[in-house]
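From a predicted model like this one, the values you see are computed outputs, not experimental measurements. Note on naming: letters A, B, ... go to the chains in the order of the sequence lines (proteins, then strands), and numbering restarts at 1 for each one.
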Amino acid sequence: MTKEEVAAHLELIGTLMELRGDDAFRTKAYHGAARTIEQLEGDFDTLIATGKLAKVRGIGETLREVILSLAKTGTADVLEELRAVTPPGLIAMLRIPGLGPKKVRALNTSLGIDSLETLRVACIGGKVAGLKGFGEKTQQKILDGLTFIESVGERVRIDQSLPLGLMLLERIRALPGVLRAELCGSLRRRRETSKDIDLLVAAEDSAPIMQAFCTLPEVRHIVGQGETKSSIVAEWVTHGHRITLGADLRVVKPDQFASALVHFTGSKEHNIRLRQLATDRGWKLNEYELAGPNSRVACETEADLYAALGLDWIAPELREDTGEIEAATQHALPKLVEASDIRGVFHNHTTYSDGVNTLEEMALAAKALGFEYLGIGDHSQSLTVARGLSPERVRHQIAEIDRLNQQLDGFRILKGIECDILKNGDLDYDDDLLAELDYVVISVHTYFDLPIEEQTARICKALRHPATTMLGHATGRLLLRRDGYKVNLDEVLQTAAEHRKMIEINAQPSRLDLDWIYVKRAKALGIPLVINPDAHSTDELALFRYGVNVARRGWLTPQNVFNTLPLPAILQSLRIPA
DNA sequence: GCCGTTTTCGGCCCGACTGTTTTCAGTCG
């Protein structure tokens, strides 16, 4: 089993234990281990072989055995035992808002409910309301929840949730009495997907703000409304897509805003570490204050609060408890790359292949964005569905780029290609043609189902090709739609490092591939990353910002990102005559 | 199930809201 599969199975064991009614701290250990394994840096197989697993925080003797068993055999005794006593449909029931393991277990043992369908029938028949601990309202809430999970996916992509979140934020900031307001949660941390939108407001009087929030035009229904916290489901139509997403609003007093902002930005794991730091000093930390036994620490900003705990301010993107607390203690946090550091982008498409704008239109749009250069990477010949370029068309495009570069003042179009990696790891053009180009992006678009060893070998072979400059969308994943192809990324990164190749952060919000966890790993190996929008239109050039988010989550500084270099340095690095 | 300069047992982050209770359990973040 791969690292990801082991993590997913640990998660499953934890959930099944919850449904069985196991001790909460025991189940938490499994959930914690799942997360730890998922974010492990370094090669998983090596880690297992060298027995280093035992040194990882949160993994003791029992979990080590379970992980080894999962990795080797694909299952574990504890998992099989749990599966034998738990109907698989119970897990689906946990997705209903308001239903947790205890209630699901009660429904199963008392009424024999074991699926969403039997649950619906029992609710309609009024059987659930009669159960101890349940009632009419709970029964109705379950029915609403069943409808809700049919209409809403679990998570949405950041390009859908962030605009909706920012729009709600603007509406809230415009309300009278709102002193400060921010987006919080996974959106503020710029995670690639979100489950809901978290909003925080500072105000003296919360009631009118709650009232206004719950009656915003985007509100489809109100999940809960209290004095300081309300939850709604918002619906919004943009670019022809209907987006339905939950949104929570918290209102606090102005002097509570900094601690509340930290609290609601999370992540949960980051907050737990902060509270432990507070506890170590005999203080307590919650959303309202950082306080000692006799007095509270005045915090106007987040930085004040972090400083009181002996930490430098930590950018929201880093707050995942993957080393940022330690780095902040030692004043060793990286100065993260920003969108304004990006001087140009590679890997973009034009009407030559499957783009919708011409070469010239793309160049002018890139220049208007403030870029110094635009790299073109249309598809190569074998990808016929995307109108991949024949060698003649490539040379035609090269000639047109030369002409346009004569006209464009202070701006340069770079001649690249998104070259398919063929099934055997060869590139899609002969060496002579590849040598005429300024750079080569290599990508997998075919044979997604190869065995992991073959896929890895294929990509590594293409990476070793002297003409190769950078690897595009390393796993081919489509967020919330399709897993990437099976590939040993640690080996791919190792090969890239050895042969001094770059790796792309594909900034398409549906991809965000390389994942930030591996971005961090690539940085550790000294591999330059390149943030590319993979734009198929002029509008899509601006998507590079989503790639910057990934880079920041991966701890990258401007020095780690190739396209923060100005044009002269790019030309020199790629050995292009000025 | 994990962990340890309060160390091999007894802790483990903390509070809001809801619904079903009559003082609290469950869920959520």
Taking the side chain of [X] as its heavy atoms from C-beta onward, which of [options] lies nearest to it?
X	options	value
Arg250(A)	dA16(B), dT20(B), dG29(B)	dA16(B)
Tyr30(A)	dG1(B), dT27(B), dG29(B)	dG1(B)
Asp198(A)	dG29(B), dA16(B), dC2(B)	dG29(B)
Asn286(A)	dC14(B), dC2(B), dG19(B)	dC14(B)
Thr62(A)	dG29(B), dG1(B), dG15(B)	dG1(B)
Lys103(A)	dT27(B), dG1(B), dC14(B)	dT27(B)

Given the [atom1] atoms of [N] and [M], what is the spacing between them in whole Å?
N	M	atom1	value
dT18(B)	dT23(B)	C1'	15 Å
dT20(B)	dT27(B)	P	13 Å
dG1(B)	dT8(B)	C1'	14 Å
dG26(B)	dT21(B)	P	13 Å
dT22(B)	dG29(B)	C1'	28 Å
dT6(B)	dG11(B)	C1'	11 Å
dC12(B)	dC17(B)	C1'	24 Å

Check every strand shown and say whether [X] touches a base, only sugar-phosphate, or nothing at a heavy-atom separation below 4.0 Å.
X	result
Asp23(A)	base
Ile96(A)	sugar-phosphate
Thr228(A)	sugar-phosphate
Leu274(A)	nothing
Lys132(A)	nothing

To the nearest angstrom, how far is [X] atom [atom1] from [N] atom [atom2]?
X	N	atom1	atom2	result
Gln276(A)	dC3(B)	CD	P	12 Å
Gln139(A)	dT18(B)	CD	C1'	16 Å
Glu11(A)	dG1(B)	CD	C1'	15 Å
Arg35(A)	dG1(B)	CZ	P	21 Å
Lys102(A)	dC24(B)	NZ	P	16 Å
Asp248(A)	dC17(B)	CG	C1'	11 Å
His31(A)	dG29(B)	NE2	P	14 Å
Ile272(A)	dC2(B)	CD1	C1'	14 Å

Check your understanding: Can a salt bridge be assigned to the pair Glu269(A) and Arg35(A) using a cut-off of 4.0 Å between side-chain N and carboxylate O?
Key ->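 Judged by the 4.0 Å cut-off on N to carboxylate O distance, Glu269(A) and Arg35(A) do form a salt bridge.
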
Check your understanding: If you measure from the Lys or Arg side-chain nitrogens to the Asp or Glu carboxylate oxygens, is any gap between Lys253(A) and Asp255(A) under 4.0 Å?
Key ->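 So Lys253(A) does not pair with Asp255(A) through a salt bridge.
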
Point to revise | dT8(B) - base-pair partner by Watson-Crick or wobble geometry, distances under 3.5 Å | key: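 Here dT8(B) is not engaged in any pair, so there is no nucleotide opposite it.
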
Quick one: is [X] getting a side-chain N or O under 4.0 Å of the [N] phosphate, OP1 or OP2?
X	N	result
Lys229(A)	dG29(B)	no
Tyr288(A)	dA16(B)	yes
Ser231(A)	dC28(B)	no

Check your understanding: Starting at the 5' end of DNA chain B and moving along, which residue's nearest nucleotide shows up first, His263(A) or Leu63(A)?
Key ->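 The residue mapped nearer the 5' terminus is Leu63(A).
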
**Study point:** 5' priority, DNA chain B, between Lys141(A) and Leu131(A) [closest heavy atom]
**Key:**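 Closer to the 5' end of DNA chain B: Lys141(A).
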
Review point. Is the closest side-chain heavy-atom distance between Arg105(A) and Glu18(A) below 4.5 Å?
Key: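 No, side chains not in contact.
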
Review point. Checking side-chain hydrogen bond (donor to acceptor under 3.5 Å, both in side chains) against Arg250(A), which of His263(A), Gln256(A), Glu287(A) comes through?
Key: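 In the set His263(A), Gln256(A), Glu287(A), the residue that makes a side-chain hydrogen bond (donor to acceptor under 3.5 Å, both in side chains) with Arg250(A) is Glu287(A).
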
Practice item. Check the pair Asp280(A) / Gln276(A) against side chain to side chain donor-acceptor pair (under 3.5 Å), numbers first and verdict last. Key: CA-CA 6 Å; Asp280(A) 291 346; Gln276(A) 284 166 347; over 6 Å; no

Practice item. Using the six-membered ring for Trp and the full ring for Phe, Tyr or His, decide whether Phe25(A) stacks on the six-membered base ring of dC2(B) (centres under 5.5 Å, planes under 30°). Key: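 Not stacked by the 5.5 Å and 30° rule.
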
Review point. Is the backbone N or O of Leu111(A) less than 3.5 Å from a side-chain atom of Lys127(A), with the two atoms forming a donor-acceptor pair by type?
Key: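 Not confirmed, Lys127(A) side chain does not pair with Leu111(A) backbone.
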
**Study point:** Residues, nucleotides or ligands: over 12 heavy atoms within 6.0 Å of Asp23(A) CG
**Key:**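 It does: Asp23(A) CG has more than 12 such atoms within range.
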
